[in-house]
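Below is one structure, written out as structure tokens; comments come after it.
In what follows, chains carry the letters A, B, and so on, assigned in the order in which the sequence lines appear, proteins first and then strands, with residues in each chain numbered from 1.
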Amino acid sequence: MKDNHFKLHRKQFRMDKVAPYIFISPGLVLFFLFSLFPIFFSFYLSLTDWEGLKTGSFIALNNYIKLILRDGSFWTAFKNNVYLWIINVPLMTFGSLILAVLLNMKLKLRSFFRASLFLPVVVSMIVAGLIFLYLVDPQYGLISLIIGKFGLEMFNIKTNPYTAVPLINMVVLWRWTGFNTVIQLAGLQAIPTEIIESSIVEGATFWQRVRYIIIPMMRPIIVFAMMMSTIGTFNLFDESFILFGSEGGISQSGLLLATLLYRNAFLYFKLGYASAIAFVITIIIFIGTLIFYRYARTEY
Amino acid sequence: MIKIRFKNTNRIIIYIVLIFASVLFLLPVYWMLKGSFSTLESLYKQPSELWPVNPTIDNYRFLLGFFPEDATQYGISTDLFPRSILNSLIVTIVATIVGIFLCSITGFAFAKYRFKGKNVLFLAILGMIMIPQVAIFIPNYILMAKLKLINTYWALILPNVAHPFGIFWMRQYIARSIPDSVIESARIDGCNEFSIYTRIILPIIRPGLGALAIFLFLLKWNDLILPLAYTTKNDMFTFPLVLNILRQYQYGNPLNLLMAGSIISIIPILIIFIVAQKQFMAGITLGAVKE
């Protein structure tokens, strides 16, 4: 008996150590193949001037120098992305937090509200983009119709360089707020209801609850949402591509970093240069996310 | 779910805010719905009508393969339409199911075990989240070609199934929601490691799994770039690809068809969302573990 017990203990002890390796192996194999390896290969490509058909030669950091010092469209795109970042991250994160708190309460039509917030995420961007263009069209659009009733005339949002990025902003907010709300909702579910209920009994108002209970307890999720927003903002492609095409609109006012990447890779076939753009975008995202990581460290 | 008694004024304000938000968000979708039942000419009428005078379901019938003669003008044969919906469904559903299990078991390992290289690997996964998909696209294509996976379902399923974000999300979620004591006591009770995963972890993280499932489903369902590059044979096309072909019709956007197509796209997702909502409602909180 004693032998068996000892054996059992040993066997279980081994399983304890071996299990994690087994658990992660399928995921990791796929990860290495389709995520990690392509990164390194892409970085290698960025150091060449490969243009798809003829073999490229190694040109080291020339692509990067060309990009940062001589490509005006890079800085236009960068400026546009940063603008979107500054506006969207706080708006999206705290807007969706409040919405999630509201939607976590017992309300009539709750499922309807949740579904309607989430629907834009789900709609194919090709069609959504066409619809937005249609809605803001100065002749046929719904907005023009409504404004017309007040005696005003609609200007062309799409061709005005100052409104290009706000238009993208509008589409992004429309499309992704529901998504963020769902993430925050999942996090809110984990807050024990007793805490909230007892705070109500003690007379806390809505805003007090939000400020002193929900935000501290949701801090990891909030930081996470901000990081995801950051990554998403600098990766934005569909929205601007459908609205403004690969040119980025009039004087490239609607150009985003990812559009630049797409243009160089799939239109000009400058695959080496495009890989350099990809790498620079990655670094920008990395720096942007690092800012938030500082707050993620102090978890409760 | 929080049961709260409100002063009436607060309650009204909340409803107004939510209704206003809903209307804003639903407006473009409503337009799509309306357009899907209209004919192409009626869409360009001025002033635009709020609901089609002569509603028609012909757009839907076209997309489901009913009008083979008309379709040839778009350069594609109509029996491919239902086939493409089927392809999209297969790819997306398989990727989602495999994905949630893969990500949760990997996240579980990172959250609750110690093993060599854990921190480095996790950092690598974290780093991967930040890479734009377009960046790894070209090398991935070369890899797929070498593995002879072009034009198979696997080419569309595999690339994002062990999604770094999914692994990260699961790891955070599991680390937050499951105290080590639960796992320890399960081990003492003689539970083997895999059973810990299936019988303890999985039930507790159900809301998180639901959110992950929705995320993975969405990633695949509307994806245009991946199928565009990795499939060349018509019968392997997915639905977004077919919509894109219609959109590029040289004589102008067939808006009515496109809108009907996007409504069709929404249906499976709505179903999933309603099903996953029930998971959210089940809301297993931290408190449940103590019972």
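The part of A/F32 that comes within reach of chain B is its side chain, from C-beta onward, which places non-hydrogen atoms under 4.5 angstrom from that chain. Residue contact with chain A, scored on non-hydrogen atoms closer than 4.5 Å, involves the backbone and the side chain of B/F194 alike. Using a 4.5 Å cut-off between heavy atoms, A/I231 touches chain B through its side chain atoms alone. Using a 4.5 Å cut-off between heavy atoms, B/L27 touches chain A through its side chain atoms alone. If you measure heavy-atom distances from B/I125 to chain A, the contacts under 4.5 Å come from both the backbone and the side chain. Contacts of A/F132 with chain B are made by side-chain atoms alone, with heavy-atom separations under 4.5 Å and no backbone atom involved. Proximity to chain B is limited to the side chain of A/T289, based on heavy atoms less than 4.5 angstrom apart. Residue A/M125 does not touch chain B at all, counting heavy-atom pairs closer than 4.5 Å. At a 4.5 Å heavy-atom cutoff, the contact between A/I221 and chain B is made by side-chain atoms alone. The part of B/F108 that comes within reach of chain A is its side chain, from C-beta onward, which places non-hydrogen atoms under 4.5 angstrom from that chain. Using a 4.5 Å cut-off between heavy atoms, B/M128 contacts chain A through its side chain alone, with no backbone atom that close. Within the 4.5 angstrom heavy-atom criterion, atoms from both the backbone and the side chain of B/K116 approach chain A.
A distance of 9.0 Å separates CG of A/L119 from CD1 of B/I269, quoted to the nearest 0.5 Å. To the nearest 0.5 angstrom, B/F25 atom CZ is 5.5 Å from A/L117 atom CG. A distance of 10.5 Å separates CD1 of B/I105 from CD1 of A/I24, quoted to the nearest 0.5 Å. Taking CG from B/N140 and CD1 from A/I39, the interatomic distance works out to 9.5 Å, rounded to the nearest 0.5 Å. Summarising the geometry, atom OH belonging to B/Y197 is positioned 8.5 Å from atom CZ belonging to A/F23; distances are rounded to the nearest 0.5 Å. Put simply, CG on B/L147 and CG on A/L33 are 7.0 Å apart, with the number rounded to the nearest 0.5 Å.
Interface remark: of the candidates A/L257, A/I277, A/L188, A/L261, A/L261 forms the most heavy-atom pairs closer than 4.5 Å to chain B. Interface check for chain B: of the options A/F179, A/F113, A/F286, the most heavy-atom pairs under 4.5 Å are formed by A/F113. With respect to chain A, the highest number of heavy-atom pairs below 4.5 Å among B/I196, B/L243, B/I129 belongs to B/I129. Per-residue heavy-atom pair counts under 4.5 Å with chain A were compared for B/F165, B/F110, B/F239, B/F217, and the maximum is reached by B/F165. The candidate from A/A278, A/S35, A/A274 with the greatest count of non-hydrogen atom pairs under 4.5 Å with chain B is A/S35. Among A/I281, A/L28, A/L45, the residue making the largest number of heavy-atom pairs under 4.5 Å with chain B is A/L28. Interface remark: of the candidates A/I131, A/L30, A/N235, A/I131 forms the most heavy-atom pairs closer than 4.5 Å to chain B.
Crowding of B/Y141 atom OH: a count of heavy atoms from other residues, nucleotides or ligands under 6.0 Å not exceeding 12.
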Test log, rule ring-ring contact (aromatic ring centres under 6.0 Å, His included), inputs B/Y113 and A/Y21: CA-CA 10 Å; B/Y113 288 90; A/Y21 294 104; 9.6 Å; no

From CA spacing to verdict: side chain to side chain contact (heavy atoms under 4.5 Å, CB included), A/L99, B/L18: CA-CA 8 Å; A/L99 281 172; B/L18 284 177; 3.9 Å; yes

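The shortest heavy-atom contact between B/R176 and A/M217 is NH2-O, 4.3 Å. Closest approach of B/Y15 and A/K108 over heavy atoms only: OH-N, 2.8 Å. For A/S116 against B/S22, the heavy-atom pair with the smallest separation is OG-OG, 3.1 Å. The minimum heavy-atom distance linking B/M144 with A/F34 is given by the pair CE-CE2, 3.3 Å. Scanning both residues, A/F37 and B/L143, for their nearest heavy atoms gives CE2-CD1, 4.3 Å. For the residue pair B/A162 and A/G27, the shortest heavy atom distance occurs at CB-O, 3.6 Å.
The closest side-chain heavy-atom distance from A/V18 to B/F115 is not below 4.5 Å. Contact annotation: the side chain of B/L218 approaches that of A/F118 to within less than 4.5 Å [non-hydrogen atoms, C-beta and beyond]. Taking the side chain as every heavy atom from C-beta outward, B/I263 and A/V123 never approach each other to under 4.5 Å.
Ring-plane geometry between A/F224 and B/W169 is classed as parallel, the angle between the planes falling under 30 degrees on a 0 to 90 degree scale with a further cut at 60.
Judged purely by atom type and a 3.5 angstrom limit, B/N222 uses its side chain to pair as donor or acceptor with the backbone of A/V122.
For the side-chain contact (heavy atoms from CB on, under 4.5 Å) criterion with A/P26, the lone passing option out of B/V98, B/V161, B/L102 is B/L102.
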